[in-house]
Amino acid sequence: MALFTKKKAAPERPEFEVLPNHLGIIMDGNGRWAKKRGLPRNAGHKEGAETFRAIAKECAELGIKYVTFYAFSTENWKRPQEEVDGIMRLFKEYLLEAKRDFVKAGDNKIIFIGERDGIRQDLIDLMDEAERDTASHNATTINLALNYGGRQEIVSAVNKLIKEGKTEITEDDISANLYTVPECDMIIRPSGEQRLSNFLLWQAAYSEFWYSDVLWPDFTKEDLYSALRDYEKRNRRFGG
């Protein structure tokens, strides 16, 4: 299986006059997708991983500079152990495929954001290797949020600043010490839910939101294009 395998026949790629510089995507609905089909939840996660590959590649082809995918939150450890183990197996498969197939992935940079505590060492080693191997790439930066929480990210930034001896902290200080930069222009959430779920809390201060009832495994390039067409029409005032 290639790093970015095609899941469905690709629609014709449209031209966009305006694209988000930083796009956030909450990959939601894998479990419900599986339940609707009488399958185990991990079957939904496997199908969702294929969708991730296709959408990540398409974002890069479109020229979006930063894309952050919400893969596994700090709260997801509360799920049944069998489901967590299945997600981690899929994650390892992705990392091994990425290691073998970076040439086909293009000039894209891969960064893993979140805390490393609780993640197996063999996965951490693969994550570190993927980041090293793509560190010099300068096309799209693909942030994969694993063991991530927006509150945790802000606390981590503040603690870094305290260790540096800061006694007064500015917004710019926090922004400079987050896992991801720059601020997020648009957040896509499929599956019918309409909440952030602790995702990019600081960076989403002025994000545009786009919701869809489509479950993540069924999310297609055409759904991505619909979201981006909608983004083009937004009048962004940033509070002004």
Over 12 non-hydrogen atoms of neighbours within 6.0 angstrom of CZ in Arg151: no

task: Answer yes or no: is there an ion pair linking Asp218 with Lys36, defined by an N-O contact shorter than 4.0 Å?
output: no

- request: Compare every heavy atom of Ile124 with every heavy atom of Ile119, then report the nearest pair and how far apart it is.
  value: O-CD1, 3.5 Å

Side chain proximity check, Met27 to Phe219, heavy atoms < 4.5 angstrom: no

query: Do Thr170 and Asp173 have side-chain N/O donor and acceptor atoms under 3.5 Å apart?
result: yes

Residue pair Ile55 / Lys221: nearest heavy atoms and the distance that separates them: CD1-N, 4.0 Å

From CZ (Phe112) to CG (Leu126), nearest 0.5 Å: 8.5 Å

task: Indicate yes or no: does Glu193 engage Arg32 in a salt bridge with an N to O separation below 4.0 Å.
output: yes

statement: Given the options Ile113, Ile26, Ile25, Thr68 meets side-chain contact (heavy atoms from CB on, under 4.5 Å) only with Ile113

query: In Å and rounded to the nearest 0.5 Å, what is the CG to OG1 distance from Leu161 to Thr167?
result: 11.0 Å

message: So, taking the atom named OH in Tyr225 and the one named CG in Asp223, what distance separates them when rounded to the nearest 0.5 Å?
response: 11.0 Å

- request: From the options Thr141, Leu144, Thr134, Ile142, select the one residue that forms a side-chain contact (heavy atoms from CB on, under 4.5 Å) with Ile111.
  value: Thr141

query: Of all heavy-atom pairs between Leu39 and Ala43, which one has the smallest distance, and what is that distance?
result: CB-CB, 3.9 Å

- line: In this structure, CG of Asn42 is separated from NZ of Lys46 (nearest 0.5 Å) by 10.5 Å

message: Does any part of the side chain of Lys109, heavy atoms only, come nearer than 4.5 Å to the side chain of Asn138, both counted from C-beta?
response: no

message: I'd like to know whether Asn30 forms a side-chain contact (heavy atoms from CB on, under 4.5 Å) with Glu47, so could you lay out the CA-CA distance, the side-chain angles of the two residues, the decisive distance to 0.1 Å, and finally the verdict.
response: CA-CA 8 Å; Asn30 294 339; Glu47 195 71 14; over 6 Å; no

Shortest non-hydrogen contact from Asn21 toward Pro182: ND2-CG, 3.4 Å

- prompt: Tyr206, Tyr211: one ILVMFWY side-chain cluster at the under-4.5 Å cut-off?
  reply: no

query: Is it true that Glu50 and Arg53 make a salt bridge, defined as a side-chain N closer than 4.0 Å to a carboxylate O?
result: yes

query: Between Lys65 and Ala139, is there a donor-acceptor pair closer than 3.5 Å when you use the side chain of the first and the backbone of the second?
result: yes

message: More than 12 heavy atoms of other residues, nucleotides or ligands under 6.0 Å from CD of Glu171: yes or no?
response: no

- prompt: Can you tell me how far CD1 of Ile110 sits from CD of Glu129, rounded to the nearest 0.5 angstrom?
  reply: 11.5 Å

- request: State plainly whether one hydrophobic cluster holds both Met186 and Phe209, where clusters connect Ile, Leu, Val, Met, Phe, Trp and Tyr through side-chain heavy atoms under 4.5 angstrom apart.
  value: no

- prompt: Given the rule in the side-chain contact (heavy atoms from CB on, under 4.5 Å) test, do Asn76 and Ser73 qualify, once you have shown the distances and angles that lead to the verdict?
  reply: CA-CA 5 Å; Asn76 288 158; Ser73 75; 3.3 Å; yes

message: Can you tell whether the side chains of Arg234 and Asp230 come within less than 4.0 Å, N to carboxylate O?
response: yes

- request: Please say whether more than 12 non-hydrogen atoms of neighbouring residues, nucleotides or ligands are located less than 6.0 Å from CD in Glu232.
  value: yes

task: Indicate whether any N or O donor in one side chain lies under 3.5 Å from an N or O acceptor in the other, for Ser175 and Trp202.
output: yes

- prompt: Just by distance, do the side chain of Trp33 and the backbone of Gly44 share a donor-acceptor pair under 3.5 Å?
  reply: no

- request: Measure from the side-chain N and O atoms of Thr140 to the backbone N and O of Ile64, and report whether any donor-acceptor pair falls under 3.5 Å.
  value: yes

task: Carefully, step by step, assess Leu62 and Leu23 under the rule side-chain contact (heavy atoms from CB on, under 4.5 Å).
output: CA-CA 12 Å; Leu62 287 166; Leu23 176 65; over 6 Å; no

- prompt: Is a salt bridge present between Glu82 and Arg41, judged by a nitrogen-to-oxygen distance below 4.0 Å?
  reply: no

message: Could you report the tightest heavy-atom contact between Ala34 and Pro40, atom names first, then the distance?
response: CB-O, 3.2 Å

message: With a 4.5 Å cut-off on side-chain heavy-atom distances among I, L, V, M, F, W and Y, is there a chain of contacts connecting Leu146 to Leu178?
response: no

field: Single-linkage hydrophobic cluster, 4.5 Å side-chain cutoff, Phe69 and Tyr148 together
entry: no

message: If only side-chain N and O atoms count, and only distance matters, is there a donor-acceptor pair under 3.5 Å linking Asn159 with Ser156?
response: no

- prompt: Side-chain heavy atoms under 4.5 angstrom apart, residues restricted to Ile, Leu, Val, Met, Phe, Trp, Tyr: same cluster for Leu224 and Tyr66?
  reply: no

task: Answer yes or no: is there a donor N or O on one side and an acceptor on the other, between the side chain of Thr51 and the main chain of Pro217, under 3.5 Å?
output: yes

field: Short side-chain to backbone donor-acceptor contact, Asn147 and Gly114, under 3.5 Å
entry: no

- request: Using the six-membered ring wherever Trp is involved, compare the ring planes of Phe199 and Tyr70 and label them parallel, tilted or perpendicular (cut-offs 30° and 60°).
  value: parallel

message: Looking at every heavy atom in both Gly48 and Trp216, which two are closest together, and how far apart are they?
response: O-NE1, 3.0 Å

field: Spacing of OG belonging to Ser212 relative to CZ belonging to Arg189, to within rounding of 0.5 Å
entry: 12.0 Å

field: Asp185 side chain to His22 backbone, donor-acceptor under 3.5 Å
entry: yes

message: Could you go through Ile174 and Ile169, starting from their C-alpha distance and side-chain angles, then the distance that decides it, and tell me whether this counts as side-chain contact (heavy atoms from CB on, under 4.5 Å)?
response: CA-CA 7 Å; Ile174 293 176; Ile169 297 173; 3.7 Å; yes

task: Report yes or no: does Glu153 contribute a side-chain atom to a donor-acceptor pair with the main-chain N or O of Tyr179 at less than 3.5 Å?
output: yes

